[in-house]
Amino acid sequence: MTRTLYRNARIFTGDESRWAEAIVVDGEEFIHVGSEAEAPHADAEVDLGGRVVLPGFTDAHTHLLMMGEALGQVGLTDAASLEEIQRRLDEARRTTSGVLRGRGWLFDAIPDGEPTATMIDAVVADIPVYLDANDYHSCWVNTAALRELGITRDTPDPLGGRIARDASGEPTGMLYETAAQQYAWAQRDASTTDAQRDAAVARVVSAYLSAGVTGAVDMAFDELGLAALERAAERGELPLRVAAHWFVANSGDDAANLAQVAQASVHASASTAGVRVVGIKLVLDGTIDACTAAMGA
């Protein structure tokens, strides 16, 4: 293995009183962190140009596949008004066919904090539109998406979720909590190809590496995410360490819920290179933004 000296840097060691100026890496092992004068012989040398060197960061709460997909969608977090959201959707529609997806919008940008399908229909009515809220606990859709999902006035609210309705009982275009999971996200998962999921993984890996992130804790892992990361690892394209928590959806049936926990345990005992299932994820709360959280005085 090649032994490499990285020099001319300010290297953080965890001890504020001691910054190093050089490191030597032998294969995958650090064999020296200290002064350049005391560094052992190396086969190669890299001049870091006086840069600050830090350990890789770990994203302590992420959803890798969803994040990768989001990076390819219409960004709405900094859209401060309904008009700006509509302008971006109208612009995106010109280069989009089939379905339009966006992410990150804020309730503060919507009049009275009550998004409706007609607001999206005003600019994009001919194809389904799915817009994940910034808290990723709710999804705002247009009329075409409601049709695609088969949601009508007769569709019951799922356990732990709500389909927003008008005074006459007609769906208005907001899917809260498990309604977003069981309808909008299930449709997304069913219609997304493995190639598209592979592209999503590539996007998130690129974004993380460019920011110095080398590890992640995925807090809603499932079979689709595991398969996508396994394919990336097999191609040698997963330079991240991932600690994953298996998503356990509350079915209302104890036996079915425990079967999901058992499934997580099976995956935990057979980790892929770079990916470990270390726990489970339960959604037991809502969010303040969408007023789905329980609040106490």
Side-chain angles (χ1 to χ4, degrees), residues 63 65-107 109-155 157-158 161-166 168-204 224-225 228 290:
H63 310 288
L65 197 52
M66 184 177 285
M67 180 178 174
E69 290 167 342
L71 291 171
Q73 297 172 357
V74 182
L76 300 172
T77 308
D78 60 345
S81 67
L82 173 61
E83 291 74 21
E84 177 60 17
I85 291 173
Q86 290 173 325
R87 186 194 68 77
R88 295 187 189 187
L89 294 179
D90 179 51
E91 181 178 341
R93 174 63 185 92
R94 300 171 196 174
T95 57
T96 303
S97 61
V99 63
L100 178 59
R101 299 187 186 277
R103 46 85 180 175
W105 58 273
L106 299 170
F107 281 88
I110 311 301
D112 300 320
E114 294 288 344
T116 65
T118 57
M119 293 175 180
I120 304 175
D121 293 344
V123 289
V124 184
D126 58 331
I127 62 173
V129 178
Y130 296 87
L131 307 177
D132 288 324
N134 191 56
D135 57 27
Y136 279 92
H137 277 237
S138 300
C139 189
W140 175 18
V141 302
N142 68 348
T143 301
L146 287 172
R147 284 197 300 268
E148 180 174 63
L149 297 172
I151 294 177
T152 69
R153 64 180 297 118
D154 298 320
T155 304
D157 289 343
R162 179 169 66 89
I163 299 169
R165 306 172 196 269
D166 62 20
S168 67
E170 293 293 335
T172 60
M174 271 302 298
L175 307 175
Y176 294 97
E177 300 292 339
T178 56
Q181 296 171 20
Q182 295 181 24
Y183 289 102
W185 297 347
Q187 190 281 336
R188 175 203 63 201
D189 291 345
S191 62
T192 301
T193 66
D194 283 347
Q196 289 170 323
R197 280 185 272 269
D198 290 347
V201 171
R203 279 193 294 268
V204 73
L224 295 174

Peer 1: For Ile110 and Met119: C-alpha separation, side-chain torsions, deciding distance, then whether side chain to side chain contact (heavy atoms under 4.5 Å, CB included) applies.
Peer 2: CA-CA 10 Å; Ile110 311 301; Met119 293 175 180; 3.9 Å; yes
Peer 1: What distance do Glu177 atom CD and Cys139 atom SG have between them, rounded to the nearest 0.5 Å?
Peer 2: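 SG of Cys139 is found 12.5 Å from CD of Glu177.
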Peer 1: Within the structure provided, determine whether Asp78 and Arg88 are in side-chain contact (heavy-atom separation under 4.5 Å).
Peer 2: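 Asp78 vs Arg88: side chains touch.
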Peer 1: Would Arg87 and Glu84 count as a salt bridge (charged side-chain N to carboxylate O under 4.0 Å, His left out) here? Give the steps.
Peer 2: CA-CA 5 Å; Arg87 186 194 68 77; Glu84 177 60 17; 2.8 Å; yes
Peer 1: Is there a donor-acceptor pair closer than 3.5 Å between any side-chain N or O of Asp121 and the backbone N or O of Thr143?
Peer 2: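 Checked: pair present.
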Peer 1: Nearest 0.5 Å, what's the CG-CZ distance between Asp112 and Phe107?
Peer 2: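 Spacing of CG (Asp112) from CZ (Phe107) equals 13.0 Å.
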Peer 1: Apply the test side chain to side chain contact (heavy atoms under 4.5 Å, CB included) to residues Leu146 and Glu170: give CA-CA distance (whole Å), side-chain angles for both, the deciding distance (0.1 Å), then the verdict.
Peer 2: CA-CA 11 Å; Leu146 287 172; Glu170 293 293 335; over 6 Å; no
Peer 1: Side-chain contact test, heavy atoms from C-beta onward, threshold under 4.5 Å: evaluate it for Leu149 versus Leu175 and give yes or no.
Peer 2: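 Leu149 reaches Leu175 side chain to side chain.
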Peer 1: Quick check: do Tyr183 and Thr155 have side-chain heavy atoms less than 4.5 Å from each other?
Peer 2: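 Yes, side chains in contact.
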Peer 1: Between Ala117 and Trp140, which heavy-atom pair has the shortest distance, and what is it?
Peer 2: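 The pair with the smallest heavy-atom distance is N-NE1, 4.1 Å.
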Peer 1: Output all residues satisfying ring pair (Phe, Tyr, Trp, His ring centres under 6.0 Å) with His137, sequence neighbours left out; order by chain, then residue number.
Peer 2: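 His137: no ring pair (Phe, Tyr, Trp, His ring centres under 6.0 Å) contacts found.
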Peer 1: Could you pull out the closest heavy-atom pair between Ala228 and Leu65, with the gap in Å?
Peer 2: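 What the structure gives for the nearest pair is CB-CD1, 4.3 Å.
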Peer 1: Sequence neighbours excluded and cut-off under 3.5 Å, please list the side-chain donor-acceptor pairs for residues 123-133, or say none.
Peer 2:
from: Asp126; atom 1: OD1; to: Arg93; atom 2: NE; distance (Å): 3.2
from: Asp126; atom 1: OD2; to: Arg93; atom 2: NE; distance (Å): 3.4
from: Asp126; atom 1: OD2; to: Arg93; atom 2: NH2; distance (Å): 2.7
from: Tyr130; atom 1: OH; to: Glu148; atom 2: OE1; distance (Å): 2.5
from: Asp132; atom 1: OD1; to: Trp185; atom 2: NE1; distance (Å): 2.8

Peer 1: Enter the distance from Leu89:CG to Thr96:OG1 here, rounded to the nearest 0.5 Å.
Peer 2: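 One gets 9.5 Å once the value is rounded to the nearest 0.5 Å.
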Peer 1: What distance do Gln86 atom CD and Ile120 atom CD1 have between them, rounded to the nearest 0.5 Å?
Peer 2: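 One finds 9.0 Å between CD of Gln86 and CD1 of Ile120.
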Peer 1: Kindly give the heavy-atom pair with the smallest separation between Ser138 and Asp135, and that separation in Å.
Peer 2: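 Here Ser138 and Asp135 meet closest at N-OD1, 3.7 Å.
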Peer 1: Distance from Asp194 atom CG to Leu224 atom CG, nearest 0.5 Å?
Peer 2: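 Going from CG on Asp194 over to CG on Leu224, the span is 8.0 Å.
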Peer 1: Between Ile163 and Pro171, which heavy-atom pair has the shortest distance, and what is it?
Peer 2: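 Result for this residue pair: CG2-CB, 4.1 Å.
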Peer 1: Please identify which of these residues, Glu69, Met66, Gln73, Met67, meets the side-chain contact (heavy atoms from CB on, under 4.5 Å) condition with Arg103.
Peer 2: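 With Arg103 as partner, Glu69, Met66, Gln73, Met67 yield a single side-chain contact (heavy atoms from CB on, under 4.5 Å), made by Gln73.
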Peer 1: Do you know the tightest heavy-atom contact between Gln196 and Ser191?
Peer 2: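 So the minimum-distance heavy-atom pair works out to OE1-O, 3.9 Å.
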Peer 1: Are the side chains of Tyr176 and Asp157 in touch, meaning some heavy atoms are under 4.5 Å apart?
Peer 2: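 No, their side chains stay 4.5 Å or more apart.
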Peer 1: CG/Asn134 to OG1/Thr77 distance, rounded to the nearest 0.5 angstrom?
Peer 2: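 The distance works out to 4.5 Å.
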